[in-house]
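Here is the structure we will look at, set down as C-alpha coordinates.
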Amino acid sequence: MQWTFENIVIITFAAIALGSAVMMITRRSPVVSVLFMILNFFSVSAIYLMLRSQFVAIIQILVYAGAIMVLFLFVIMLLNLQDDKKLTENISYKKLSAVIMALLLFSSLAITAYYGFLGKHKTLNPAAETQGTIESVGRELYTTYSFPFELVSLILLAGIVGAIVLAQKKFE
Amino acid sequence: MGIELLITAIKITIVVNVVLISVAYSVYAERRVSAFIQNRLGPNRVGPKGLLQPFADVLKLALKEDIVPSNANKPIHTLAPMMSIFVALTTIAVVPFGNTIELFGSVIALQITDVNVGILYLLALTSLGVYGITLSGWSSNSKYSLFGGIRSSAQMISYELSMGLSVVGVVLITGSLSLQDIVIHQFGWKWNIVLQPVGFIIFLVASFAETNRAPFDLPEAEPELVGGYHTEYSSMKFALFFLAEYANMIVASAVITTLYLGGWQFPYLQTFGLPPIVTSLLQILVFCLKVAFMIFFFIWVRWSLPRFRYDQLMNLGWKVMLPLSIANIVVTAIVVSLLK
(Lines give C-alpha, C1' and ligand atoms only; values in the text may rest on other atoms or scores of the structure.)
Protein backbone atom coordinates (compact mmCIF):
# COMPACT_ATOMS: atom_id res chain seq x y z
CA MET A 1 0.00 0.00 0.00
CA GLN A 2 1.23 3.43 -0.84
CA TRP A 3 0.95 6.25 1.64
CA THR A 4 -0.08 8.86 -0.86
CA PHE A 5 -2.09 11.89 0.22
CA GLU A 6 -5.23 10.49 -1.40
CA ASN A 7 -4.92 7.12 0.32
CA ILE A 8 -4.49 8.76 3.70
CA VAL A 9 -7.61 10.90 3.18
CA ILE A 10 -9.63 7.88 2.02
CA ILE A 11 -8.51 5.78 4.99
CA THR A 12 -9.33 8.60 7.40
CA PHE A 13 -12.84 8.94 6.04
CA ALA A 14 -13.27 5.15 5.92
CA ALA A 15 -12.32 5.02 9.60
CA ILE A 16 -14.82 7.78 10.40
CA ALA A 17 -17.48 5.94 8.40
CA LEU A 18 -16.89 2.67 10.24
CA GLY A 19 -16.65 4.36 13.63
CA SER A 20 -19.85 6.34 13.13
CA ALA A 21 -21.64 3.24 11.85
CA VAL A 22 -20.71 1.34 15.01
CA MET A 23 -21.73 4.32 17.16
CA MET A 24 -25.01 4.56 15.29
CA ILE A 25 -26.12 1.02 16.14
CA THR A 26 -24.89 1.10 19.73
CA ARG A 27 -26.40 4.40 20.93
CA ARG A 28 -29.49 4.26 23.13
CA SER A 29 -31.02 7.56 22.04
CA PRO A 30 -32.49 7.38 18.51
CA VAL A 31 -31.70 11.06 17.86
CA VAL A 32 -28.01 10.48 18.57
CA SER A 33 -28.15 7.44 16.27
CA VAL A 34 -29.54 9.61 13.50
CA LEU A 35 -26.74 12.14 14.01
CA PHE A 36 -24.09 9.43 13.72
CA MET A 37 -25.78 8.14 10.61
CA ILE A 38 -25.51 11.62 9.07
CA LEU A 39 -21.80 11.61 9.91
CA ASN A 40 -21.58 8.21 8.25
CA PHE A 41 -23.28 9.53 5.09
CA PHE A 42 -20.88 12.45 5.03
CA SER A 43 -17.77 10.29 5.24
CA VAL A 44 -19.09 7.87 2.60
CA SER A 45 -19.79 10.86 0.40
CA ALA A 46 -16.22 12.08 0.95
CA ILE A 47 -14.94 8.65 -0.17
CA TYR A 48 -17.04 8.93 -3.34
CA LEU A 49 -15.52 12.35 -3.92
CA MET A 50 -12.00 10.94 -3.60
CA LEU A 51 -12.95 8.33 -6.20
CA ARG A 52 -13.95 11.20 -8.56
CA SER A 53 -17.67 10.44 -8.39
CA GLN A 54 -18.79 14.00 -7.75
CA PHE A 55 -22.37 13.37 -8.76
CA VAL A 56 -22.88 10.33 -6.53
CA ALA A 57 -21.17 12.15 -3.64
CA ILE A 58 -23.48 15.15 -3.84
CA ILE A 59 -26.59 13.03 -4.37
CA GLN A 60 -25.61 11.00 -1.30
CA ILE A 61 -25.81 14.17 0.80
CA LEU A 62 -28.76 15.73 -1.03
CA VAL A 63 -31.02 12.68 -0.89
CA TYR A 64 -29.95 10.75 2.20
CA ALA A 65 -28.59 13.33 4.61
CA GLY A 66 -30.76 16.18 3.30
CA ALA A 67 -34.14 14.63 2.69
CA ILE A 68 -34.55 11.18 4.18
CA MET A 69 -32.79 11.78 7.48
CA VAL A 70 -34.73 14.99 8.11
CA LEU A 71 -37.97 13.06 7.81
CA PHE A 72 -36.52 10.37 10.02
CA LEU A 73 -35.58 12.94 12.63
CA PHE A 74 -39.08 14.35 12.48
CA VAL A 75 -40.69 11.01 13.16
CA ILE A 76 -38.38 10.29 16.08
CA MET A 77 -38.84 13.73 17.62
CA LEU A 78 -42.60 13.70 17.31
CA LEU A 79 -42.86 10.19 18.76
CA ASN A 80 -40.55 11.39 21.54
CA LEU A 81 -39.38 7.98 22.69
CA GLN A 82 -38.75 8.50 26.39
CA ASP A 83 -38.77 4.85 27.31
CA ASP A 84 -35.38 3.38 26.54
CA LYS A 85 -36.43 -0.09 27.65
CA LYS A 86 -38.79 -0.41 24.70
CA LEU A 87 -35.82 -0.18 22.41
CA THR A 88 -33.75 -2.97 23.94
CA GLU A 89 -34.29 -6.52 22.84
CA ASN A 90 -32.81 -9.79 23.96
CA ILE A 91 -33.31 -12.25 21.14
CA SER A 92 -30.10 -14.21 20.88
CA TYR A 93 -30.50 -15.75 17.40
CA LYS A 94 -30.75 -12.25 15.95
CA LYS A 95 -27.49 -11.31 17.61
CA LEU A 96 -25.90 -14.49 16.39
CA SER A 97 -26.95 -13.95 12.79
CA ALA A 98 -25.89 -10.31 13.06
CA VAL A 99 -22.40 -11.36 14.15
CA ILE A 100 -22.13 -13.85 11.28
CA MET A 101 -23.29 -11.31 8.72
CA ALA A 102 -20.93 -8.68 10.12
CA LEU A 103 -18.00 -11.12 9.85
CA LEU A 104 -18.96 -11.93 6.25
CA LEU A 105 -19.18 -8.23 5.39
CA PHE A 106 -15.88 -7.52 7.09
CA SER A 107 -14.09 -10.36 5.30
CA SER A 108 -15.42 -9.33 1.90
CA LEU A 109 -14.36 -5.73 2.59
CA ALA A 110 -10.96 -6.90 3.80
CA ILE A 111 -10.44 -9.01 0.67
CA THR A 112 -11.39 -6.10 -1.55
CA ALA A 113 -9.11 -3.76 0.35
CA TYR A 114 -6.27 -6.31 0.20
CA TYR A 115 -6.52 -6.76 -3.54
CA GLY A 116 -7.28 -3.10 -4.09
CA PHE A 117 -4.15 -1.83 -2.35
CA LEU A 118 -1.66 -4.65 -2.92
CA GLY A 119 -2.89 -6.02 -6.22
CA LYS A 120 -2.91 -4.50 -9.66
CA HIS A 121 -5.25 -1.55 -9.03
CA LYS A 122 -2.70 0.64 -7.35
CA THR A 123 -3.82 3.82 -9.06
CA LEU A 124 -7.19 5.16 -10.04
CA ASN A 125 -8.42 4.04 -13.43
CA PRO A 126 -8.19 7.09 -15.75
CA ALA A 127 -11.60 6.25 -17.20
CA ALA A 128 -13.08 6.85 -13.73
CA GLU A 129 -12.20 10.55 -14.02
CA THR A 130 -15.01 11.10 -16.51
CA GLN A 131 -17.40 8.38 -15.38
CA GLY A 132 -18.45 10.09 -12.18
CA THR A 133 -19.47 13.41 -13.71
CA ILE A 134 -23.09 14.36 -14.06
CA GLU A 135 -22.81 14.43 -17.88
CA SER A 136 -21.79 10.78 -18.19
CA VAL A 137 -24.27 9.62 -15.53
CA GLY A 138 -27.05 11.47 -17.37
CA ARG A 139 -26.02 10.12 -20.77
CA GLU A 140 -26.03 6.53 -19.52
CA LEU A 141 -29.32 7.04 -17.70
CA TYR A 142 -31.12 8.35 -20.78
CA THR A 143 -29.60 5.99 -23.38
CA THR A 144 -28.47 2.59 -22.07
CA TYR A 145 -30.69 2.51 -19.02
CA SER A 146 -33.67 4.55 -20.20
CA PHE A 147 -36.18 1.71 -19.77
CA PRO A 148 -35.27 0.87 -16.13
CA PHE A 149 -35.13 4.61 -15.43
CA GLU A 150 -38.69 5.14 -16.69
CA LEU A 151 -39.78 2.04 -14.78
CA VAL A 152 -38.40 3.50 -11.54
CA SER A 153 -40.26 6.76 -12.15
CA LEU A 154 -43.47 4.76 -12.59
CA ILE A 155 -42.91 3.04 -9.24
CA LEU A 156 -42.31 6.43 -7.61
CA LEU A 157 -45.52 7.74 -9.18
CA ALA A 158 -47.41 4.84 -7.63
CA GLY A 159 -45.91 5.83 -4.28
CA ILE A 160 -47.00 9.47 -4.71
CA VAL A 161 -50.54 8.48 -5.68
CA GLY A 162 -50.67 6.11 -2.72
CA ALA A 163 -49.59 8.88 -0.33
CA ILE A 164 -52.30 11.22 -1.65
CA VAL A 165 -54.99 8.53 -1.34
CA LEU A 166 -53.95 7.79 2.25
CA ALA A 167 -53.88 11.47 3.20
CA GLN A 168 -57.30 12.10 1.65
CA LYS A 169 -58.92 9.27 3.62
CA LYS A 170 -57.67 10.79 6.83
CA PHE A 171 -59.18 14.19 6.13
CA GLU A 172 -62.61 13.00 5.01
CA MET B 1 0.49 20.99 -5.44
CA GLY B 2 1.91 22.81 -2.41
CA ILE B 3 1.49 26.26 -3.91
CA GLU B 4 -2.08 25.46 -5.00
CA LEU B 5 -2.97 24.37 -1.49
CA LEU B 6 -1.52 27.60 -0.14
CA ILE B 7 -3.49 29.71 -2.63
CA THR B 8 -6.70 27.86 -1.74
CA ALA B 9 -6.04 28.31 1.97
CA ILE B 10 -5.50 32.05 1.45
CA LYS B 11 -8.70 32.31 -0.61
CA ILE B 12 -10.70 30.47 2.07
CA THR B 13 -9.31 32.72 4.83
CA ILE B 14 -10.10 35.89 2.92
CA VAL B 15 -13.59 34.83 1.84
CA VAL B 16 -14.67 33.54 5.27
CA ASN B 17 -13.38 36.67 6.98
CA VAL B 18 -15.08 38.94 4.46
CA VAL B 19 -18.34 37.08 5.04
CA LEU B 20 -17.99 37.36 8.83
CA ILE B 21 -17.22 41.08 8.69
CA SER B 22 -20.12 41.59 6.28
CA VAL B 23 -22.32 39.79 8.79
CA ALA B 24 -21.36 42.30 11.47
CA TYR B 25 -22.05 45.20 9.13
CA SER B 26 -25.31 43.82 7.76
CA VAL B 27 -26.59 43.67 11.34
CA TYR B 28 -25.61 47.33 11.65
CA ALA B 29 -27.16 48.07 8.24
CA GLU B 30 -30.34 46.31 9.27
CA ARG B 31 -30.66 48.42 12.42
CA ARG B 32 -29.88 51.67 10.63
CA VAL B 33 -32.07 51.01 7.58
CA SER B 34 -34.98 49.83 9.72
CA ALA B 35 -34.59 52.98 11.78
CA PHE B 36 -34.74 55.19 8.70
CA ILE B 37 -37.75 53.27 7.37
CA GLN B 38 -39.50 53.89 10.70
CA ASN B 39 -38.33 57.49 10.93
CA ARG B 40 -35.91 56.88 13.81
CA LEU B 41 -32.14 57.30 14.06
CA GLY B 42 -30.90 53.84 15.00
CA PRO B 43 -27.57 53.08 16.71
CA ASN B 44 -25.29 56.11 16.18
CA ARG B 45 -23.34 56.40 19.46
CA VAL B 46 -20.47 53.90 19.27
CA GLY B 47 -17.82 55.31 16.96
CA PRO B 48 -18.45 57.71 14.06
CA LYS B 49 -22.06 57.29 12.83
CA GLY B 50 -22.27 54.21 15.09
CA LEU B 51 -19.90 52.26 12.84
CA LEU B 52 -18.26 50.46 15.78
CA GLN B 53 -21.63 49.21 17.07
CA PRO B 54 -21.13 45.63 15.73
CA PHE B 55 -17.95 45.22 17.81
CA ALA B 56 -19.76 46.45 20.91
CA ASP B 57 -22.54 43.93 20.20
CA VAL B 58 -20.09 41.05 19.82
CA LEU B 59 -18.31 42.02 23.03
CA LYS B 60 -21.61 42.14 24.88
CA LEU B 61 -22.64 38.69 23.62
CA ALA B 62 -19.26 37.15 24.41
CA LEU B 63 -19.33 38.42 28.00
CA LYS B 64 -22.83 37.11 28.74
CA GLU B 65 -23.41 34.03 30.84
CA ASP B 66 -23.94 30.81 28.91
CA ILE B 67 -27.12 29.17 30.21
CA VAL B 68 -28.11 25.62 29.28
CA PRO B 69 -31.58 24.52 30.44
CA SER B 70 -31.30 21.75 33.04
CA ASN B 71 -33.41 19.26 31.07
CA ALA B 72 -31.78 19.98 27.75
CA ASN B 73 -29.83 17.37 25.84
CA LYS B 74 -26.49 19.02 26.40
CA PRO B 75 -24.29 17.64 23.57
CA ILE B 76 -26.94 18.25 20.92
CA HIS B 77 -27.80 21.63 22.42
CA THR B 78 -24.15 22.60 21.89
CA LEU B 79 -23.89 20.95 18.47
CA ALA B 80 -26.93 22.64 16.90
CA PRO B 81 -25.54 26.22 16.59
CA MET B 82 -22.28 24.78 15.23
CA MET B 83 -24.16 22.93 12.51
CA SER B 84 -26.04 26.11 11.61
CA ILE B 85 -22.92 28.19 11.15
CA PHE B 86 -21.07 25.36 9.37
CA VAL B 87 -23.76 25.12 6.70
CA ALA B 88 -23.98 28.89 6.34
CA LEU B 89 -20.24 29.37 5.81
CA THR B 90 -19.46 26.37 3.60
CA THR B 91 -22.05 27.31 0.99
CA ILE B 92 -19.93 30.25 -0.17
CA ALA B 93 -17.20 27.84 -1.42
CA VAL B 94 -18.64 27.44 -4.91
CA VAL B 95 -19.73 31.04 -5.49
CA PRO B 96 -17.45 32.81 -7.99
CA PHE B 97 -16.68 36.40 -6.97
CA GLY B 98 -14.68 37.22 -10.08
CA ASN B 99 -13.30 35.70 -13.25
CA THR B 100 -9.53 35.22 -12.97
CA ILE B 101 -6.81 37.52 -11.73
CA GLU B 102 -3.11 37.58 -12.63
CA LEU B 103 -0.97 38.01 -9.54
CA PHE B 104 2.79 37.39 -9.28
CA GLY B 105 2.83 35.65 -12.64
CA SER B 106 0.17 33.03 -11.91
CA VAL B 107 -3.48 33.01 -12.94
CA ILE B 108 -5.77 32.64 -9.93
CA ALA B 109 -9.43 31.71 -10.29
CA LEU B 110 -11.53 34.02 -8.11
CA GLN B 111 -13.59 31.25 -6.57
CA ILE B 112 -12.68 28.85 -3.77
CA THR B 113 -13.51 25.78 -5.84
CA ASP B 114 -15.18 25.24 -9.19
CA VAL B 115 -16.90 21.86 -8.92
CA ASN B 116 -18.91 20.82 -11.93
CA VAL B 117 -21.89 20.00 -9.73
CA GLY B 118 -21.87 23.47 -8.12
CA ILE B 119 -25.63 23.98 -8.05
CA LEU B 120 -26.28 20.54 -6.55
CA TYR B 121 -23.67 21.35 -3.90
CA LEU B 122 -25.59 24.52 -3.04
CA LEU B 123 -28.89 22.67 -2.82
CA ALA B 124 -27.36 19.85 -0.76
CA LEU B 125 -25.97 22.28 1.79
CA THR B 126 -29.14 24.37 2.04
CA SER B 127 -31.06 21.18 2.72
CA LEU B 128 -28.68 20.49 5.62
CA GLY B 129 -29.48 23.87 7.17
CA VAL B 130 -32.62 22.31 8.62
CA TYR B 131 -30.60 20.19 11.03
CA GLY B 132 -29.23 23.01 13.14
CA ILE B 133 -32.67 24.52 13.60
CA THR B 134 -34.57 21.27 14.16
CA LEU B 135 -32.01 19.92 16.62
CA SER B 136 -31.82 23.18 18.56
CA GLY B 137 -35.60 23.17 18.86
CA TRP B 138 -35.73 19.59 20.03
CA SER B 139 -32.73 19.54 22.36
CA SER B 140 -33.78 22.66 24.29
CA ASN B 141 -36.68 20.67 25.78
CA SER B 142 -39.02 23.64 25.63
CA LYS B 143 -42.31 23.81 23.77
CA TYR B 144 -41.63 27.16 22.15
CA SER B 145 -38.30 25.95 20.82
CA LEU B 146 -39.81 22.71 19.54
CA PHE B 147 -42.62 24.52 17.74
CA GLY B 148 -40.15 26.96 16.22
CA GLY B 149 -37.88 24.16 15.09
CA ILE B 150 -40.66 22.09 13.56
CA ARG B 151 -42.22 25.08 11.83
CA SER B 152 -38.95 26.08 10.33
CA SER B 153 -38.14 22.59 9.07
CA ALA B 154 -41.57 22.25 7.47
CA GLN B 155 -41.09 25.64 5.85
CA MET B 156 -37.60 24.88 4.58
CA ILE B 157 -38.56 21.48 3.18
CA SER B 158 -41.56 23.01 1.39
CA TYR B 159 -39.65 25.84 -0.25
CA GLU B 160 -36.57 23.79 -1.09
CA LEU B 161 -38.57 22.05 -3.80
CA SER B 162 -39.55 25.17 -5.73
CA MET B 163 -36.05 26.58 -5.16
CA GLY B 164 -34.41 23.55 -6.75
CA LEU B 165 -36.89 23.43 -9.60
CA SER B 166 -36.52 27.13 -10.41
CA VAL B 167 -32.75 26.68 -10.80
CA VAL B 168 -33.36 23.98 -13.43
CA GLY B 169 -34.40 26.76 -15.83
CA VAL B 170 -31.00 28.42 -15.45
CA VAL B 171 -29.25 25.07 -15.91
CA LEU B 172 -31.24 24.40 -19.09
CA ILE B 173 -30.19 27.75 -20.57
CA THR B 174 -26.53 27.44 -19.59
CA GLY B 175 -26.10 23.71 -20.14
CA SER B 176 -23.83 23.44 -17.11
CA LEU B 177 -24.12 23.04 -13.34
CA SER B 178 -20.91 24.92 -12.64
CA LEU B 179 -21.56 28.38 -11.21
CA GLN B 180 -18.58 29.89 -13.05
CA ASP B 181 -20.00 28.65 -16.39
CA ILE B 182 -23.37 30.13 -15.48
CA VAL B 183 -21.81 33.54 -14.83
CA ILE B 184 -19.72 33.44 -18.02
CA HIS B 185 -22.86 32.60 -19.98
CA GLN B 186 -24.54 35.80 -18.71
CA PHE B 187 -22.37 37.99 -20.91
CA GLY B 188 -23.64 41.41 -22.03
CA TRP B 189 -27.39 41.87 -21.65
CA LYS B 190 -28.07 38.14 -21.27
CA TRP B 191 -28.52 38.16 -17.50
CA ASN B 192 -30.71 35.33 -16.33
CA ILE B 193 -33.11 37.81 -14.72
CA VAL B 194 -34.02 38.84 -18.30
CA LEU B 195 -34.13 35.30 -19.65
CA GLN B 196 -35.77 33.72 -16.59
CA PRO B 197 -38.00 36.34 -14.92
CA VAL B 198 -40.42 33.78 -13.43
CA GLY B 199 -37.60 31.58 -12.21
CA PHE B 200 -35.97 34.63 -10.62
CA ILE B 201 -39.08 35.56 -8.68
CA ILE B 202 -39.60 31.97 -7.48
CA PHE B 203 -35.96 31.68 -6.43
CA LEU B 204 -36.08 35.03 -4.65
CA VAL B 205 -39.21 34.17 -2.67
CA ALA B 206 -37.84 30.71 -1.85
CA SER B 207 -34.58 32.26 -0.64
CA PHE B 208 -36.50 34.47 1.77
CA ALA B 209 -38.23 31.36 3.10
CA GLU B 210 -35.02 29.32 3.26
CA THR B 211 -33.20 32.01 5.23
CA ASN B 212 -36.16 32.40 7.60
CA ARG B 213 -36.35 36.10 6.85
CA ALA B 214 -39.50 38.23 7.00
CA PRO B 215 -42.16 37.89 5.60
CA PHE B 216 -41.42 34.19 6.20
CA ASP B 217 -39.90 34.46 9.69
CA LEU B 218 -42.56 32.27 11.29
CA PRO B 219 -40.00 30.13 13.16
CA GLU B 220 -39.28 33.13 15.36
CA ALA B 221 -42.71 34.73 15.38
CA GLU B 222 -42.34 36.47 18.73
CA PRO B 223 -46.05 36.95 19.57
CA GLU B 224 -46.66 33.19 19.53
CA LEU B 225 -43.30 31.52 20.02
CA VAL B 226 -41.22 33.89 22.20
CA GLY B 227 -37.91 33.45 20.33
CA GLY B 228 -38.65 30.32 18.33
CA TYR B 229 -35.92 27.72 18.07
CA HIS B 230 -33.30 29.84 19.85
CA THR B 231 -35.46 30.73 22.86
CA GLU B 232 -33.25 28.68 25.21
CA TYR B 233 -29.93 29.90 23.87
CA SER B 234 -27.74 32.61 25.31
CA SER B 235 -24.28 34.12 25.04
CA MET B 236 -22.08 32.94 22.15
CA LYS B 237 -24.38 30.04 21.21
CA PHE B 238 -27.11 32.54 20.55
CA ALA B 239 -24.57 34.68 18.74
CA LEU B 240 -23.76 31.74 16.45
CA PHE B 241 -27.42 31.42 15.45
CA PHE B 242 -27.54 35.15 14.87
CA LEU B 243 -24.35 34.94 12.82
CA ALA B 244 -25.71 31.99 10.83
CA GLU B 245 -28.93 33.84 10.05
CA TYR B 246 -27.10 36.83 8.60
CA ALA B 247 -24.44 34.68 6.93
CA ASN B 248 -27.28 32.78 5.25
CA MET B 249 -28.73 36.07 4.07
CA ILE B 250 -25.38 37.16 2.62
CA VAL B 251 -24.78 33.79 0.94
CA ALA B 252 -28.33 33.84 -0.45
CA SER B 253 -27.65 37.33 -1.85
CA ALA B 254 -24.42 36.07 -3.43
CA VAL B 255 -26.19 33.06 -4.93
CA ILE B 256 -29.04 35.15 -6.34
CA THR B 257 -26.46 37.53 -7.82
CA THR B 258 -24.54 34.63 -9.36
CA LEU B 259 -27.52 32.79 -10.78
CA TYR B 260 -29.70 35.66 -11.98
CA LEU B 261 -27.99 39.04 -11.77
CA GLY B 262 -24.95 38.22 -13.89
CA GLY B 263 -22.53 37.48 -11.03
CA TRP B 264 -19.34 39.48 -11.55
CA GLN B 265 -20.36 40.52 -15.09
CA PHE B 266 -20.76 44.20 -15.86
CA PRO B 267 -22.38 44.53 -19.32
CA TYR B 268 -19.61 44.48 -21.97
CA LEU B 269 -16.82 45.36 -19.47
CA GLN B 270 -14.42 42.92 -21.17
CA THR B 271 -14.75 44.80 -24.48
CA PHE B 272 -13.74 48.20 -23.03
CA GLY B 273 -10.06 47.37 -23.52
CA LEU B 274 -8.96 48.07 -19.93
CA PRO B 275 -5.80 46.40 -18.57
CA PRO B 276 -6.64 42.85 -17.31
CA ILE B 277 -5.85 43.61 -13.66
CA VAL B 278 -8.22 46.60 -13.66
CA THR B 279 -10.93 44.52 -15.31
CA SER B 280 -10.54 41.78 -12.69
CA LEU B 281 -10.69 44.26 -9.80
CA LEU B 282 -13.70 46.03 -11.32
CA GLN B 283 -15.46 42.69 -11.66
CA ILE B 284 -14.92 41.91 -7.97
CA LEU B 285 -16.23 45.38 -7.11
CA VAL B 286 -19.30 44.89 -9.33
CA PHE B 287 -20.00 41.56 -7.63
CA CYS B 288 -19.72 43.11 -4.16
CA LEU B 289 -22.01 45.98 -5.11
CA LYS B 290 -24.65 43.61 -6.48
CA VAL B 291 -24.49 41.50 -3.31
CA ALA B 292 -24.73 44.63 -1.16
CA PHE B 293 -27.82 45.70 -3.09
CA MET B 294 -29.42 42.27 -2.53
CA ILE B 295 -28.67 42.49 1.20
CA PHE B 296 -30.31 45.91 1.26
CA PHE B 297 -33.27 44.38 -0.60
CA PHE B 298 -33.59 41.67 2.08
CA ILE B 299 -33.65 44.35 4.80
CA TRP B 300 -36.03 46.55 2.83
CA VAL B 301 -38.52 43.70 2.43
CA ARG B 302 -38.28 42.76 6.10
CA TRP B 303 -39.31 46.19 7.29
CA SER B 304 -41.98 46.72 4.63
CA LEU B 305 -44.06 43.54 4.59
CA PRO B 306 -46.04 41.92 7.42
CA ARG B 307 -45.50 38.28 8.39
CA PHE B 308 -47.42 35.50 6.62
CA ARG B 309 -49.86 33.25 8.44
CA TYR B 310 -48.83 29.58 8.55
CA ASP B 311 -51.56 28.28 6.21
CA GLN B 312 -50.86 31.12 3.76
CA LEU B 313 -47.21 30.12 3.77
CA MET B 314 -47.98 26.48 2.99
CA ASN B 315 -50.56 27.39 0.33
CA LEU B 316 -48.10 29.71 -1.39
CA GLY B 317 -45.36 27.11 -1.31
CA TRP B 318 -47.26 24.08 -2.54
CA LYS B 319 -50.15 25.48 -4.57
CA VAL B 320 -48.54 28.51 -6.25
CA MET B 321 -44.75 28.25 -6.31
CA LEU B 322 -44.42 24.54 -7.08
CA PRO B 323 -46.80 24.44 -10.12
CA LEU B 324 -45.31 27.73 -11.34
CA SER B 325 -41.75 26.42 -11.17
CA ILE B 326 -42.71 23.21 -13.01
CA ALA B 327 -44.46 25.28 -15.71
CA ASN B 328 -41.31 27.42 -15.92
CA ILE B 329 -39.19 24.31 -16.57
CA VAL B 330 -41.55 23.06 -19.29
CA VAL B 331 -41.64 26.43 -21.09
CA THR B 332 -37.86 26.91 -20.80
CA ALA B 333 -37.18 23.39 -22.07
CA ILE B 334 -39.43 23.91 -25.11
CA VAL B 335 -37.91 27.31 -25.95
CA VAL B 336 -34.33 26.06 -25.50
CA SER B 337 -34.92 23.01 -27.70
CA LEU B 338 -36.62 25.16 -30.38
CA LEU B 339 -33.77 27.68 -30.47
CA LYS B 340 -31.09 24.99 -30.75
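No hydrogens, no waters, no symmetry mates; every other heavy atom, side chains included, goes into these values. The chains referred to below are lettered A, B, ... by the order of the sequence lines, with proteins before strands, and numbering in each begins at 1.
Other residues, nucleotides and ligands place no more than 12 heavy atoms under 6.0 Å from the CZ atom of A/F13. Within 6.0 Å of atom OH in A/Y142, 12 or fewer heavy atoms from other residues, nucleotides or ligands are found, so the atom counts as exposed in its surroundings. Around OH of A/Y48, the count of heavy atoms belonging to other residues, nucleotides or ligands within 6.0 Å does not exceed 12.
In this structure, the portions of B/I150 lying under 4.5 Å from any heavy atom of chain A include both its backbone and its side chain. Heavy-atom distances place no part of B/L125 under 4.5 Å from chain A, backbone and side chain included. The part of B/Y131 that comes within reach of chain A is its side chain, from C-beta onward, which places non-hydrogen atoms under 4.5 angstrom from that chain. Heavy atoms closer than 4.5 Å to chain A are found in both the backbone and the side chain of B/L120.
The shortest distance between side-chain heavy atoms of A/F55 and B/L177 does not fall below 4.5 Å.
Checked against B/V117 for a side-chain contact (heavy atoms from CB on, under 4.5 Å), the options A/I58, A/I59, A/L62, A/V56 give a single hit: A/I58.
In terms of the side-chain contact (heavy atoms from CB on, under 4.5 Å) criterion, residue partners of B/I7 (sequence neighbours excluded) are, by chain and number, B/I3, B/K11, B/I108. With sequence neighbours excluded, the residues satisfying side-chain contact (heavy atoms from CB on, under 4.5 Å) with A/L39 are A/I16, A/S20, A/F36. Residues satisfying the ring-ring contact (aromatic ring centres under 6.0 Å, His included) test with B/F241, not counting sequence neighbours, are B/Y229, B/Y233.
Contacts between residues 150-160 of chain A and chain B, defined by a heavy-atom separation under 4.5 Å, are made by no residue at all.
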